There are 2 protein chains.
Amino acid sequence: MPTQTTRTPDMSVRVSSEVPNEVRKLSNFLCFAIYSANLAFGRAYKPILDKLGLTYTQYVAMVALTEQDDQTVGALGEKLFLESNTLTPILKKLESIGYIRRQRDPADERQVRVSLTPVGRALLDTEPAGSLVDATGLGEDFATVQQSVTRLRDNLLRSTQSHPGKK
Amino acid sequence: MPTQTTRTPDMSVRVSSEVPNEVRKLSNFLCFAIYSANLAFGRAYKPILDKLGLTYTQYVAMVALTEQDDQTVGALGEKLFLESNTLTPILKKLESIGYIRRQRDPADERQVRVSLTPVGRALLDTEPAGSLVDATGLGEDFATVQQSVTRLRDNLLRSTQSHPGKK
DNA sequence: CACGATTAAATCGGACACGATATAAATCAA
DNA sequence: TTGATTTATATCGTGTCCGATTTAATCGTG
């Protein structure tokens with residue numbers, strides 16, 4: 001399942017129905033590396049985000065708004081790789097805290113435009129700068145890994161796009 | 001917050017309280033690359049896992065059991081980077097489906113030992129082998145990325161360990 | 001032995017992520 | 001213009017993930 005191969009997992013081409021056990025180890029799964037690294041990031045950020053009173057998803061939503069303010073829910077979702085079912089409750093929460101505004105677009109009442117309030121913008125401007133002072137430990141490989149993982153993500157989404165599961 | 005720097009994000013050393021906007025872009029965040037790649041993996045796997053009738057977490061739990069059967073909840077959690085609060089409901093679910101067994105260790109009644117049933121083992125043995133036939137698109141970089149992300153995870157967890165947030 | 005401390009799971013509540021569906025507005029076609 | 005279709009959000013139910021707490025068993029020291 002996790003795209004594994006005799007060569008190396010997560011790019012399998014095997015066809016037989018027997019899965020050799022030496023291959024199917026979690027430590028060989030790229031998906032599991034990503035999955036567990038995501039858990040690890042969440043835990044590393046938690047104490048910092050707690051001080052801001054934000055969850056990780058709330059935080060990245062606000063960062064996306066600093067890049068481009070007054071976006072629709074859909075446009076924001078494209079940047080965050082989330083849809084309105086996930087985003088709407090989060091945005092409502094941020095609105096209730098007073099960090100963002102949500103208002104129907106008068107030109108197209110189906111759309112909701114989201115923008116930072118001064119308070120919200122101020123929060124990010126005074127944001128904990130040197131947080132996680134290189135807890136990644138990646139050193140000079142940092143940029144390379146960042147790019148590779150981004151490419152991985154884009155490739156996966158592309159392939160998911162072309163094989164739209166069911167329906 | 002997301003460990004970003006003038007150099008490159010997620011290893012910041014900045015001290016001023018003003019955060020320059022060129023730096024704080026989601027596309028520069030390693031944490032966001034990991035976060036979104038994890039979402040992408042989940043979506044790529046969903047159609048395959050749906051056929052197995054398993055969620056991703058259920059699946060990796062079973063894989064961990066094929067590596068080492070009859071583990072305690074705690075031991076399994078160490079391998080999955082999860083604790084009993086997350087694991088217990090998942091294991092109960094897998095038990096109700098009939099893929100695993102959960103039984104108190106007679107030698108230490110505090111512990112619950114988890115093992116695969118024949119049905120559960122059979123499910124993984126006939127598992128979709130060539131799934132995700134290199135949807136990663138990483139080619140020869142695959143192994144390198146896998147190792148880097150694993151190292152990243154371990155570094156993050158180590159640093160979280162030493163800075164235990166709040167009590 | 002006794003009883004307070006530690007340990008292993010489990011439980012509970014809050015927040016995401018997501019499939020499926022609903023609602024309402026805009027668009028398109030007859 | 002009307003009515004069907006499409007589009008943008010929102011709602012709902014399920015399944016994680018996690019902090020905090022609970023329960024029960026074991027351990028440690030007197």
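Bear in mind that the values here come from a model prediction, so they are computed numbers and not experimental data. Letters go in sequence order (proteins before strands), and every chain restarts at 1.
- Taking atom CG on Asp50(B) and atom P on dT14(D), their separation rounds to 16 Å, with Å as the unit.
- Looking at residues two or more places apart in sequence or on another chain, you find a side-chain hydrogen bond (donor to acceptor under 3.5 Å, both in side chains) between Arg110(B) and Asp108(B).
- Listed by chain and number, the residues in a side-chain hydrogen bond (donor to acceptor under 3.5 Å, both in side chains) with Asp141(B) are Arg151(A) (sequence neighbours excluded).
- In this structure Ala75(B) satisfies the side-chain contact (heavy atoms from CB on, under 4.5 Å) test together with Gln71(B), Thr72(B), sequence neighbours excluded.
- Whole-Å rounding puts the Lys93(B) NZ to dG13(D) C1' distance at 13 Å.
- The separation between Glu95(B) atom CD and dA9(C) atom P is 14 Å, rounded to whole Å.
- Listed by chain and residue number, Arg113(B) satisfy the side-chain hydrogen bond (donor to acceptor under 3.5 Å, both in side chains) test with Asp70(B) (two or more places apart in sequence, or in another chain).
- Between Lys46(A) and Arg102(A), the residue whose closest nucleotide on DNA chain D is further toward the 5' end is Arg102(A).
- OP1 or OP2 of dC17(D) sits under 4.0 Å from a side-chain N or O of Tyr35(A).
- In this structure, Phe41(B) places its CZ atom 19 Å from C1' of dT16(D), rounding to the nearest Å.
- At the phosphate of dT16(D), OP1 or OP2 sits under 4.0 Å from a side-chain N or O atom of Gln58(B).
- Here dC17(D) is the nucleotide among dC17(D), dA8(D), dC18(C) with the atom lying nearest to any side-chain atom of Thr57(B).
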Please lay out, stage by stage, how Thr136(B) and Asn155(A) fare under the test side chain to side chain contact (heavy atoms under 4.5 Å, CB included). CA-CA 6 Å; Thr136(B) 68; Asn155(A) 289 337; 5.8 Å; no
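- Residue Leu49(A) contributes atom CG, which lies 11 Å from atom P of dC16(C) at whole-angstrom precision.
- Every residue was checked against the side-chain hydrogen bond (donor to acceptor under 3.5 Å, both in side chains) condition with Asn85(B), not counting sequence neighbours, and none meets it.
- The CZ-C1' distance, from Arg43(A) to dA15(C), rounds to 16 Å in whole Å.
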Identify each donor-acceptor pair in which a side-chain atom of residues 91-100 of chain A lies under 3.5 Å from a protein atom, sequence neighbours left out, and give them as a table.
| unit_1 | atom_1 | unit_2 | atom_2 | d |
| --- | --- | --- | --- | --- |
| Glu95(A) | OE1 | Arg102(A) | NH1 | 3.0 |
| Glu95(A) | OE2 | Arg102(A) | N | 3.4 |
| Ser96(A) | OG | Lys93(A) | O | 2.7 |

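- Here the straight-line distance linking atom CG of Leu82(B) with atom CG of Leu87(B) works out to 6.0 Å at 0.5 Å rounding.
- Nucleic acid contact for Arg113(B): none, since no nucleic acid atom lies under 4.0 Å from a heavy atom of the residue.
- Neither OP1 nor OP2 of dG15(D) sits under 4.0 Å from any side-chain N or O of Thr55(B).
- The nearest whole Å value for the distance from the OH atom in Tyr56(B) to the P atom in dG19(C) is 17 Å.
- Expressed to the nearest 0.5 Å, how far CG of Asp134(B) lies from CG of Leu138(B) amounts to 7.0 Å.
- A heavy atom closer than 4.0 Å to some atom of DNA chain D occurs in Thr72(A), Val73(A), Gly74(A), these being the qualifying members of residues 70-78 of chain A.
- For the pair Gln111(A) CD and dT7(D) P, the computed distance is 13 Å after rounding to whole Å.
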Got a list of side-chain donor-acceptor pairs under 3.5 Å for residues 30-44 of chain A, not counting sequence neighbours?
| unit_1 | atom_1 | unit_2 | atom_2 | d |
| --- | --- | --- | --- | --- |
| Ser36(A) | OG | Phe32(A) | O | 2.6 |
| Ser36(A) | OG | Ala33(A) | O | 3.3 |
| Ser36(A) | OG | Arg153(B) | NH1 | 2.9 |
| Arg43(A) | NH1 | Phe81(B) | O | 3.3 |
| Arg43(A) | NH2 | Phe81(B) | O | 2.5 |

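- Taking a 4.0 Å limit (strictly below) on heavy-atom distances, residues 79-92 of chain B reaches DNA chain C at Ser84(B), Asn85(B), Thr88(B), Lys92(B).
- Residues satisfying the side-chain contact (heavy atoms from CB on, under 4.5 Å) test with Gln103(B), not counting sequence neighbours, are Arg101(B), Ser115(B).
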Scan nucleotides 22-27 of chain D nucleotide by nucleotide, 5' to 3', and note B when protein non-hydrogen atoms come under 4.0 Å of the base, S if they reach only the sugar-phosphate, - if neither. ---BS-
